[in-house]
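Data block below; observations after.
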Amino acid sequence: MPLSFFNTLSGKVEEFKPLEAGRVRMYTCGPTVYDYAHIGNFRTFVFQDILRRHLKYRGYQILHVMNVTDVDDKTIANSQAAGVPLREFTTRYIQAFQADRELLNLETPELVVRASDHIPDIVKVIQTLIEKGYAYASEGSYYFRVQKFSDYGKLSKLDFSGMRVGARVDADKYEKDSARDFALWKTAKPGEPAWDTPLGRGRPGWHIECSVMAMKYLGETFDIHSGGSDLIFPHHENEIAQSESATGKPFARYWLHSEHLIVNGEKMSKSAGSFYTLRDLVAKGYKPTAIRYLLASVPFRKPLNFTFDGLRQAEQSLDRLRNFLYRLSHEQFSPGENPQLAKHANETRAEFEAALDDNLNTAEALAAVFNLVRDANTAMDRGEFREGDKAFFANVLERWEEIFAVLKDDDYDKLRKGGYLQERHVAAPPLEPERNREGILQLGTLSDEQIEDSIREREQARRQADYARADRIRQELLEAGILLEDTKGGTRWKRK
RNA sequence: GGCGCGGUACCCAAGUGGUAAGGGAGAGGUCUGCAAAACCUUUAUGCGGGAGUUCGAUUCUCCCCCGCGCCUCCA
């Protein structure tokens with residue numbers, strides 16, 4: 001099957017063919033930076049990351065633009081509440097967002113652009129819309145006249161003919177000719193940030209920034225646009241209306257939307273205590289790579305029910321893969337090659353590639369690799385694995401990792417460098433008094449040297465057949481979050 | 001009410017008109033000083049419910065039930 005995606009616009013899985021051979025122009029809706037992003041947001045961002053990684057894997061050169069909404073009602077309200085100027089306030093959250101992205105191994109798009117840096121571009125497009133009769137002014141604000149755009153509703157499949165106006169009454173309703181019209185430009189309100197422009201003093205509406213920035217960097221027609229399913233209406237519908245009215249050309253060709261993450265079967269909510277940021281989960285001791293694994297493991301078109309049990313399962317699954325990787329790199333095998341294994345390795349690569357081509361079926365891509373791992377482990381246990389097979393397996397896993405980016409166990413280093421571990425000085429469970437006094441057995445605080453010292457101590461005890469002491473050391477380390485495994489090649493340790 | 005996404009074993013989850021991938025968890029076993037890891041065996045005559053089409057449906061059609069989302073704040 002050729003590379004195919006479910007396109008919201010057509011409602012079908014379609015073969016993907018970019019406008020320009022070998023090149024993909026892609027726009028993704030990024031965060032509104034009024035607070036830390038939550039794991040529901042990251043579900044979408046992980047999906048977008050898998051998307052861009054797979055496109056790269058398939059040899060496309062990518063130009064990926066992600067916006068940051070840094071001027072809207074929420075950013076203004078929160079910055080004012082914090083007593084910090086808007087620009088400074090949003091910059092803080094952009095930095096926090098980038099730090100979270102790095103923890104989750106999300107690649108940085110070629111361009112990350114801020115709405116507030118594009119005011120003149122926005123004004124120009126609004127002026128075009130006014131000239132073409134799609135926009136009108138009212139009390140200092142400008143609105144898009146939805147009725148003028150006959151294709152309105154083609155993305156969301158909403159039928160507006162004869163539909164009564166929704167129960168929710170917008171504050172701007174009486175300024176608009178029609179309740180469905182939406183703001184392109186909002187006139188300045190006292191005390192709010194505003195720009196002096198030919199349109200008057202004010203700020204952009206929400207939707208226009210994406211139309212403007214996407215077209216500025218990607219052209220009037222580009223390949224892929226994506227975001228969470230809640231953006232289909234009104235945000236993306238309005239982007240299409242504005243952009244296509246301004247240019248007379250199709251806007252984005254493929255629209256990809258990820259389904260939402262829910263928590264314990266319900267929408268995340270602060271009042272229900274089910275609202276989690278990445279930091280919240282890290283503070284609870286979960287690894288970012290396990291979180292990425294969980295978010296990536298469910299195909300993007302399926303709602304993902306987040307539970308802590310599910311997160312623990314993800315950790316276990318990931319450990320299985322990492323354990324195999326460890327065996328692969330640390331065990332010695334007899335010389336030669338096992339042709340059957342090499343064949344299986346190559347087949348596995350074809351399988352996970354085909355799975356991803358099929359609308360990014362990550363679950364199937366995972367299954368292919370687990371099947372290979374099981375068979376390789378079996379071969380290793382039976383002595384049928386050969387030194388020459390290593391390369392095939394390493395290659396398959398490396399290729400797989402280009403997409404999933406979860407195998408490298410560098411969470412601890414990244415968390416420490418990012419200052420995340422400061423929140424993790426949790427008191428260790430009861431331990432031997434003299435060790436506890438040293439203060440070195442707190443969770444996540446043992447250095448590699450300290451761990452290796454303890455392991456040497458235990459090795460000595462084992463040689464002397466003092467298993468009680470050896471087991472005690474192992475238990476202490478375990479309580480400090482360090483797991484030991486005695487392998488043929490010596491004792492291996494890892495951070496739980 | 002309209003539109004959309006789902007409902008597969010204890011949990012997560014793939015998938016197909018021809019008889020259910022994979023992961024986690026549990027149980028038994030092998031290995032190990034013991035663990036851990038790994039391996040082997042085992043856990044859905046069943047795929048929300050009902051009717052229909054068919055030689056045959058979990059997979060197609062219709063109706064119904066349930067969960068989630070959207071219907072101008074929302075990834």
Side-chain angles (χ1 to χ4, degrees), chain A residues 8 11 28-32 34 37-48 72-74 146 153 156-160 163-170 172-173 179-183 206-207 226-235 237-238 257-262 265-268 293-294 297-299 301-305 307 309-324 326-327 331 351 355 361-371 373-382 462 465 467-468 470-471 474-475 478 483-488 491-492 494:
Chain A
T8 308
T28 59
C29 282
T32 301
Y34 64 99
H38 56 70
I39 52 168
N41 296 323
F42 283 115
R43 199 266 162 112
T44 295
F45 298 133
V46 167
F47 143 64
Q48 291 167 345
D72 80 319
D73 292 348
K74 283 182 182 171
V146 167
S156 56
K157 316 284 191 288
L158 293 176
D159 180 9
F160 295 95
M163 183 182 168
R164 64 182 165 73
V165 173
R168 294 193 209 176
V169 177
D170 188 76
D172 294 333
K173 183 185 172 188
R180 280 195 275 125
D181 293 350
F182 55 89
W206 173 34
H207 316 294
S226 92
S229 64
D230 57 332
L231 294 185
I232 295 171
F233 190 88
H235 186 52
E237 195 69 59
N238 289 352
H257 293 98
S258 56
E259 276 302 319
H260 276 188
L261 175 145
I262 54 180
E266 290 176 353
K267 187 171 178 174
M268 243 190 288
Y293 179 99
L294 175 64
S297 65
V298 179
R301 291 244 306 147
K302 181 157 177 157
L304 191 158
N305 187 16
T307 62
D309 186 48
L311 187 48
R312 280 186 288 272
Q313 289 182 15
E315 282 179 341
Q316 291 301 114
S317 305
L318 190 50
D319 270 344
R320 180 171 171 78
L321 296 176
R322 288 176 175 170
N323 287 336
F324 173 70
Y326 184 89
R327 282 191 91 172
E331 283 188 27
E351 278 167 24
N361 191 336
T362 48
E364 220 173 87
L366 280 168
V369 163
F370 276 109
N371 275 325
V373 165
R374 188 195 54 243
D375 290 350
N377 272 322
T378 303
M380 286 175 178
D381 285 357
R382 290 181 183 164
R462 288 181 76 205
Y467 293 118
D471 290 351
R474 182 170 63 196
Q475 184 59 26
L478 184 64
L483 185 71
L484 299 192
E485 286 174 19
D486 298 325
T487 71
K488 285 175 197 159
T491 298
R492 172 194 178 196
K494 56 187 173 186

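In this text, all values refer to a predicted model and were calculated from it rather than measured experimentally. Naming: A, B, ... by sequence-line order, numbering from 1 per chain.
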Heteroatom pairs (N/O) under 3.5 angstrom, protein to nucleotides 46-48 of chain B:
none

Could you work out the separation of [N] and [M] based on their [atom1] atoms and round it to a whole Å?
N	M	atom1	value
B:G46	B:C10	P	13 Å
B:U41	B:U54	C1'	38 Å
B:C11	B:G2	P	32 Å
B:G22	B:C40	P	11 Å
B:G50	B:A25	P	34 Å
B:U58	B:A13	C1'	15 Å
B:U43	B:A9	C1'	8 Å
B:G15	B:C73	C1'	38 Å

Identify, with sequence neighbours excluded, every residue that meets side chain to side chain contact (heavy atoms under 4.5 Å, CB included) alongside A:I262.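 For A:I262, the residues satisfying side chain to side chain contact (heavy atoms under 4.5 Å, CB included) (neighbours in sequence not counted) are A:N305.
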Of A:R382 and A:L483, whose closest RNA chain B nucleotide lies nearer the 5' terminus?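 Between the two, 5'-proximity favours A:L483.
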Let me spell it out: for each of A:E259 and A:A368, pick the nucleotide of RNA chain B with the closest heavy atom. Which residue's pick is nearer the 5' end?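 Upstream on the strand: A:E259.
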Side chain of [X], base of [N]: donor and acceptor closer than 3.5 Å?
X	N	result
A:Q313	B:G23	yes
A:D486	B:C34	yes
A:R462	B:G33	yes
A:D471	B:G33	yes
A:R474	B:C34	yes

It should be established whether [X] places a side-chain nitrogen or oxygen under 4.0 Å from OP1 or OP2 of nucleotide [N].
X	N	value
A:N361	B:G15	yes
A:Q48	B:A75	no
A:R320	B:A36	no

Who pairs with [N] - Watson-Crick or G-U, where each distance is under 3.5 Å:
N	value
B:G4	B:C68
B:G33	none
B:U42	B:G26
B:C60	B:G52

Carboxylate-amine/guanidinium proximity below 4.0 Å for A:E259 and A:R43: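 Here A:E259 does not pair with A:R43 in a salt bridge, since their nearest N and O are not under 4.0 Å apart.
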I'd like to know if A:R327 pairs up with A:D381 as an ion pair, taking the criterion as any Lys NZ or Arg NE/NH1/NH2 lying under 4.0 Å from an Asp or Glu carboxylate oxygen. yes
Examine A:R492 relative to A:Y326 and say whether NZ or CZ is less than 6.0 Å from the centre of the six-membered ring and inside a 45° cone about the ring axis. yes
What protein N or O atoms touch nucleotides 18-21 of chain B N or O atoms at under 3.5 angstrom, if any, and at what distances?
none

Minimum-distance nucleotide (side-chain atoms of A:K302 versus B:A14, B:C71, B:G24):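 Side chain of A:K302 sits closest to B:A14.
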Can you see whether A:T44 engages A:S258 through a side-chain donor-acceptor pair at a distance of less than 3.5 angstrom? yes
Donor-acceptor check, side chain of A:N323 to backbone of A:D319, threshold 3.5 angstrom: yes or no?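 Yes.
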A side-chain contact here means heavy atoms from C-beta on lying under 4.5 Å apart; do A:S156 and A:E237 qualify? yes
